[in-house]
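The structure displayed is predicted, hence computed values, not measured ones. Note that these values count all heavy atoms, side chains included, but never hydrogens, waters or copies made by symmetry. Proteins get letters first, then strands, A, B, ... in listed order; numbering begins at 1 in each.
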There are 2 protein chains.
Amino acid sequence: MPGCVKILDAAESLFASHGVDGVSIREIAEAAGISKATVFHHFDSKEALYQAVVRRSCKGIVALVAQMAAREDGNPLASLADYRRHDLQETLAHADVVRLVLRELTLGRDDQARQLSEEVFGEHFVRLRRLIEKAQHAGELKTDVDAGLAAVSVVSINLFLFLVWPVLKHLPDTPFVRIEDAAESMFTLLLDGMARSGSVSGSQA
Amino acid sequence: MPGCVKILDAAESLFASHGVDGVSIREIAEAAGISKATVFHHFDSKEALYQAVVRRSCKGIVALVAQMAAREDGNPLASLADYRRHDLQETLAHADVVRLVLRELTLGRDDQARQLSEEVFGEHFVRLRRLIEKAQHAGELKTDVDAGLAAVSVVSINLFLFLVWPVLKHLPDTPFVRIEDAAESMFTLLLDGMARSGSVSGSQA
DNA sequence: TTGCCAGCTGACCGATCGGTCGGTATGGTT
DNA sequence: AACCATACCGACCGATCGGTCAGCTGGCAA
C-alpha cells in the first residue's frame, strides 16, 4: 500500500503543473519510480487515479482548515484575521494542490463543483461564517451584512490573489510587493466596510 | 482567410471547455467543418493555434473593456459601479474565453502571466485605477486607500465570483441566488469600506 | 490559353497514448 | 510441502496523437 502513496504524490505534482491530459501514465510511473503496469494495478484507469488525487487533495485542505480552526481564541475578529492569514500561508505552501482544484473549477463541470462544495469548501465556508457571526454577535462587526457574503469575500481575497498574483506583480505601477502584504491590505479594506465603528486595524499609514 | 476565423472559433470553444491537451486537432477540424490538414495549412502547430486563440481572446477582452470605458460620465462612483456591472455582464456572456484565460493562470507559467498582464489586465487595471483615483479626487472615496489595491478588489469580485459560482450555489445555507446580486452585494460591501462618509449605496435592507 | 498559387483534402507517418496480459518474486497460511 | 494473494514488471495491443505530403481545385493574372 505504500507504493500507492508514491503514485498519488507523483500524480498530484504532475497533474497540478500540467493538467490531467498534459501528463501520461508513463511519466507518473517514472516519477514514482515504478512501472506503468503497476499504476494500473492500483488504479482502474487514469481517470480513477485523477479522481483519487483530487479527493486526497481535498481531504488535505479540509484537514488544514480544521487544524487552523482549532486555534480560535476568545477574540472573534483577531481569530478571523488569524484564520485568513494562515489560510493564505497554507495556500502558498500547497500551491500545487490549490492550483489543481482551481483548474478543476475552470472546466465548469457542475458535478465536480457540487462535489467540491460538499467535500471542501462547504466546511471551509461554514466555519468562516460562524466566525463572522460570532464577531457580529460580539458587536465587532455590523449585523446588517450577510455573514455568508462576508465569508466569501474573505476567501476571495486569498484565493483570487493567489490565482492572479503572477499577473499582478507585473502590472504597471503596481503597489504590490509581497502577496502577504497585498492580502493583508485587502482584508483591512474589507474589514473597514464591515466594522461596527471607526477603523478596526491599523490600515492608515 | 475566413476559414481561419472558423478554426479559431471552434478551437476557442473546445480549448475553453476541455483544455489544450484535452482537445485534438481532429476534433477542432471537425467542429470547424474542414479537414485536419487544413488546420495545419493555416497554423504551424497546435501550440501556435492555441497561442493564436489566447491572443485573439485577450484582444477581444481588451476591446470590450475599451467599449465599456467609453460610457464614463461625470459621476466617478456611478461610473465605477457601471463599469463593474458591465464587466460581470461581459464575463458571463463570454464565459468560455474567460475560463480559457483563467485556466492559463492555474498553470503558473510566468512568461504567459507576464504577457497577459501586458496585453489584457494592464489596460483593465490602469483604467479602473484612474476611475478610482478620480472618485478619490472628487471626494467620494477615502484617499488613504491605495487606488491600485481598490482596483484589484473590484476586479476580484467579478472574476472570483464567476470562477467559484458553481461551488457557491451549492454551499449549505447559501445566501446566493443570482451571481449578479452576489456581486452587487460584495461591491457595496467594498464601497462601504472605501466611502469617505456614511453609506454610499442602498445596501441596508 | 497558360501558368500559378492559395485553399483544401485523403492518405499516410512515427510516436505515444491508455490499457491488457502472462508471468515472476515475496511473504503469510495451512 | 502446496497454496494463495499481493505487488510488481516487460512486452505488447489497438487507437489516436501531432504533423507531413502529394495532389486536387477554382480563380486570377499574363
Side-chain angles (χ1 to χ4, degrees), chain A residues 1-57 96-97 99-101 103-104 106-107 109 111-112 115, chain B residues 1-57 96-97 99-101 103-104 106-107 109 111-112 115:
Chain A
M1 195 70 83
C4 205
V5 175
K6 276 200 302 180
I7 297 174
L8 284 171
D9 286 339
E12 178 180 285
S13 170
L14 288 169
F15 281 153
S17 49
H18 300 105
V20 205
D21 299 306
V23 181
S24 68
I25 298 287
R26 279 173 179 83
E27 292 173 295
I28 294 172
E30 192 176 351
I34 57 170
S35 81
K36 183 166 70 80
T38 303
V39 176
F40 284 102
H41 173 73
H42 289 284
F43 301 93
D44 287 342
S45 65
K46 187 185 186 181
E47 177 65 22
L49 170 59
Y50 177 65
Q51 290 300 331
V53 167
V54 171
R55 217 165 271 260
R56 196 188 64 154
S57 300
D96 277 1
V97 178
R99 266 198 280 264
L100 186 81
V101 174
R103 188 178 316 110
E104 201 59 36
T106 66
L107 294 177
R109 283 188 49 179
D111 49 346
Q112 275 282 3
Q115 184 191 335
Chain B
M1 196 70 81
C4 205
V5 176
K6 275 201 304 183
I7 297 174
L8 284 171
D9 286 340
E12 177 179 286
S13 169
L14 287 170
F15 280 152
S17 49
H18 300 105
V20 204
D21 300 308
V23 180
S24 68
I25 298 287
R26 281 173 178 82
E27 292 173 295
I28 293 172
E30 192 177 351
I34 56 171
S35 83
K36 182 168 70 77
T38 304
V39 176
F40 284 101
H41 176 74
H42 289 283
F43 300 93
D44 287 342
S45 65
K46 187 186 188 182
E47 178 63 22
L49 170 59
Y50 177 65
Q51 289 300 332
V53 167
V54 171
R55 216 165 273 261
R56 194 187 67 153
S57 300
D96 276 2
V97 178
R99 265 198 280 265
L100 185 82
V101 174
R103 188 179 314 109
E104 201 60 36
T106 66
L107 294 177
R109 286 189 48 179
D111 49 346
Q112 274 281 2
Q115 184 191 335

Nucleotide [N], atom [atom2] - distance to [atom1] of [X] in whole Å:
| X | N | atom1 | atom2 | answer |
| --- | --- | --- | --- | --- |
| A:E30 | C:dC17 | CD | P | 11 Å |
| B:E47 | D:dC17 | CD | C1' | 15 Å |
| B:F43 | C:dG7 | CZ | C1' | 14 Å |
| B:K6 | C:dC8 | NZ | P | 7 Å |
| A:H41 | C:dC21 | NE2 | P | 15 Å |
| A:H42 | D:dT6 | NE2 | C1' | 9 Å |

*Has B:T38 got a side-chain N or O lying under 4.0 Å from the OP1 or OP2 atom of C:dC8?*
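B:T38 to C:dC8 OP1/OP2: no side-chain N or O under 4.0 Å.
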
Does [X] use its side chain to pair, donor to acceptor, with the backbone of [Y] at less than 3.5 Å?
| X | Y | answer |
| --- | --- | --- |
| A:K6 | A:A31 | no |
| A:S13 | A:D9 | no |
| B:K46 | B:S24 | no |
| B:R103 | B:A16 | yes |

*With a 4.5 Å heavy-atom cut-off, do B:Y50 and B:S45 have their side chains touching?*
no

*Are the side chains of B:V97 and B:F15 in touch, meaning some heavy atoms are under 4.5 Å apart?*
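No; the side chains remain at least 4.5 Å from each other.
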
Could you work out which one of [options] sits closest to the side chain of [X]?
| X | options | value |
| --- | --- | --- |
| A:F40 | D:dG18, C:dT20, D:dG10 | C:dT20 |
| B:K46 | D:dG18, C:dT20, D:dC9 | D:dG18 |
| B:I34 | C:dT9, D:dC8, C:dG18 | C:dT9 |
| B:A37 | D:dT20, D:dC9, C:dG18 | D:dT20 |

*Check salt bridge (charged side-chain N to carboxylate O under 4.0 Å, His left out) between B:R26 and all other residues, then give those that pass, not counting sequence neighbours.*
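By the salt bridge (charged side-chain N to carboxylate O under 4.0 Å, His left out) rule, B:R26 matches no residue at all.
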
*Tell me, which of residues 13-27 of chain B have any heavy atom that sits under 4.0 Å from an atom in DNA chain C?*
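Within this stretch, nothing sits under 4.0 Å of the strand.
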
